[in-house]
Amino acid sequence: MSLHLHDTATRTTREFHPRCDGVASIYVCGATVQGVPHVGHVRSGLNFDVLRRWLQHSGYDVRLVRNVTDIDDKILTKAADAGRPWWEWASTHERAFESAYDRLGCLPPSVLPRATGHVTQMIDLIQRLIDKGHAYASGGDVYFDVASYGDEYGRLSGQRLDEVQQGESLASGKRDPRDFTLWKGAKPGEPSWPTPWGHGRPGWHLECSAMATFYLGGEFDIHGGGLDLVFPHHENELAQSNAAGDGFAQYWMHNAWVTMSGEKMSKSLGNVLSIPAVLERARAVELRYYLVTPHYRSTIEFSEAGLKEAASAFGRIENFVRKVVDRTGSVEPSEVSEDFARALDDDLGTPQATAAVHAAVREGNAALDRGDDEAARAAASAVRAMTGVLGLDPLSPQWAEDGGNAAYDALGEAVRLVLEQRQKARAERDFATADLLRDRLQEGGIAVEDTPDGPTWTLKDG
């Protein structure tokens, strides 16, 4: 089966055909850097990181652009409330977002453009729209004329033209309340750039169209982002880009929300779980497992119990691979299973792909139990290959640096000292002490197994 992806625009799951053979071009809407990133913010980056990894594994040269919105009403408001320069506020939180992506194992994008660095491209796009009769200047602002685009407007989101509400304040210069802002005229104390229509700053929708086409061309393969961006943001991106003459994205992919108590996680709801706070309670690899193993189009209802369950599930994978390494030596990644490949080719079916990983772990543990080290080693190699695609390889240096493997290694040294004492007691026929040491390990969550080659240990589930 070849890769099929669900396209929001056509509401169908379509076979993926890139515009250029062997090359996959992706634009992902990144962060509006107004505050500290929370779990809901980073899900999109993680989901599209898995897509990027699978495309690379499948032989594609992937060109992924993830933007930074570093000029926005919310940024200006929050910076002013904090008494800090807007550019310093944006830069501080951009670093926080990039740190979160890095800690959660996202591969760096091909390019990470900032909106403020692409005003020239935005001005050019506005001029093209004005020249084609799809935009107009009024009182220092510039607006997109939605009616001029006709019945095509609403194609992505399913909005009816006569029911459109942009969510913008009603400006006196608008010809039609459905029109949306491309350029905002300068206000006292706000940052601004010179244009043929006066000083001002860009509108949000304009920024992404300009950056996407500058780096990927007028037509590219995939545009991704969160479900909450379908309207108005992505609908307006599509309208202004098509109206200017660009084919724009050929596939539109949207990940679902992370919710709490059934509501979308957002700052306004006051139910934010920041990445730094969550990583005080879970390892980064465990949080990544929690966020990438559900299907990207399914809602995640965040809970501490769910996070703990994810940590336990990942622990079973990690313990198996570590056990094989301890018994047989280094294990290198091999090939993914057919079930795993079939799952990811079916619109990134990560639940089924994860099930294939756990099936290989069960087979490998059974092989260890019967003393078939070769079969166990083969299973561990496949597990490393599959978890590598998901960004969850237990032996990845990424997670060693995160402290996961380092903590395991430190625990291993302590356990081995106890096992040496136990072996010494058994050699001296002091079985009471040997049993006591084993029981103490059991109480601490360490399972000990005596084998012809000596004792082995693993973390118990739960």
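FYI, the numbering just counts along the sequence from 1.
- Using a 4.5 Å cut-off on side-chain heavy atoms (C-beta onward), F314 and R288 make no contact.
- The two residues R178 and V164 come nearest to each other via the heavy atoms CG-O, 3.7 Å.
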Residue pair R281, E304: steps toward the salt bridge (Lys or Arg N to Asp or Glu O under 4.0 Å) verdict: CA-CA 9 Å; R281 308 192 299 277; E304 293 296 335; 2.7 Å; yes
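- Considering every non-hydrogen atom in both A90 and V33, the closest pair reads O-CG2, 3.5 Å.
- Minimum interatomic distance between G158 and E235 (heavy atoms only, all atoms of both residues): N-OE1, 4.3 Å.
- The aromatic rings of F340 and W54 sit perpendicular to each other, their planes meeting at more than 60°, with 30° as the lower class boundary.
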Report the C-alpha separation of D246 and R128 in whole Å, then their side-chain angles, then the decisive distance to 0.1 Å, and conclude whether the side-chain contact (heavy atoms from CB on, under 4.5 Å) test is met.
CA-CA 11 Å; D246 294 328; R128 291 167 61 196; 3.1 Å; yes
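- Taking CG from N67 and NE2 from H118, the interatomic distance works out to 9.5 Å, rounded to the nearest 0.5 Å.
- Classified by interplanar angle (parallel below 30°, tilted 30° to 60°, perpendicular above 60°), the ring pair W252/H254 is parallel.
- Looking at R53 and D49, a side-chain N of the basic residue comes within less than 4.0 Å of a carboxylate O on the acidic one, giving a salt bridge.
- Cation-pi geometry between R43 and F302 is not met at under 6.0 angstrom from the ring centre and within 45 degrees of the axis.
- For the side chain to side chain donor-acceptor pair (under 3.5 Å) with D73, the lone residue among R201, K78, Q34 that qualifies is R201.
- The closest side-chain heavy-atom distance from P276 to V36 is below 4.5 Å.
- Using a 4.5 Å heavy-atom cutoff, the side chains of W86 and I71 are in contact.
- Between N242 and the choices R155, E152, H134, E237, the side chain to side chain donor-acceptor pair (under 3.5 Å) rule is met once, by R155.
- In this structure, Y251 contributes its side chain and E15 its backbone to a donor-acceptor pair below 3.5 Å.
- Electrostatic pairing of E168 and K174 counts as a salt bridge here, judged by a charged N lying under 4.0 Å from a carboxylate O.
- Under a 4.0 Å N-O distance rule, the pair R342/D339 qualifies as a salt bridge.
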- request: Apply side-chain contact (heavy atoms from CB on, under 4.5 Å) to D176 and Y143, showing your working.
  value: CA-CA 10 Å; D176 187 317; Y143 300 101; over 6 Å; no
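- Across all their heavy atoms, D141 and G185 have their closest contact at OD1-N, 2.6 Å.
- Side-chain contact of N236 with Q166: a donor-acceptor pair under 3.5 Å is present, judged by distance alone.
- Here the closest heavy-atom approach between residue L182 and residue L206 is recorded as O-CD2, 3.3 Å.
- Taking the six-membered ring where the residue is Trp, H41 and H38 present parallel rings, their angle staying beneath 30° rather than reaching 60°.
- In this structure, the side chains of I275 and V39 come closer than 4.5 Å at one or more pairs of heavy atoms.
- Tested against L5 for a side chain to side chain contact (heavy atoms under 4.5 Å, CB included), the candidates T12, D221, T13, I222 yield a single pass: I222.
- The shortest distance between side-chain heavy atoms of S2 and H4 falls below 4.5 Å.
- Annotation: Y153 is not in aromatic contact with F144 [ring centroid separation under 6.0 Å not met].
- Using a cut-off of 4.0 Å between Lys/Arg side-chain N and Asp/Glu carboxylate O, D145 and K132 are scored as not salt-bridged.
- A cation-pi geometry, defined here as NZ or CZ lying under 6.0 Å from the six-membered ring centre and within 45° of its normal, holds between R175 and Y136.
- Within the 4.5 Å cutoff, no side-chain heavy atoms of F97 are placed close to those of V68.
- Salt-bridge check for D162 with R160: passed, with a basic side-chain N closer than 4.0 Å to an acidic carboxylate O.
- With respect to Y296, the side chain to side chain contact (heavy atoms under 4.5 Å, CB included) criterion is satisfied by exactly one of V50, L348, T350: L348.
- Figure legend: R63 and Y215 shown without cation-pi pairing, the cationic atom not lying both under 6.0 angstrom from the six-membered ring centre and within 45 degrees of its axis.
- For F220 and F248, the gap between ring centers is short of 6.0 Å.
- Nearest heavy-atom pair across G30 and R66 is CA-CG, 3.9 Å.
- Of the possible polar contacts, one joining the R11 side chain to the A9 backbone as a donor-acceptor pair under 3.5 Å is found.
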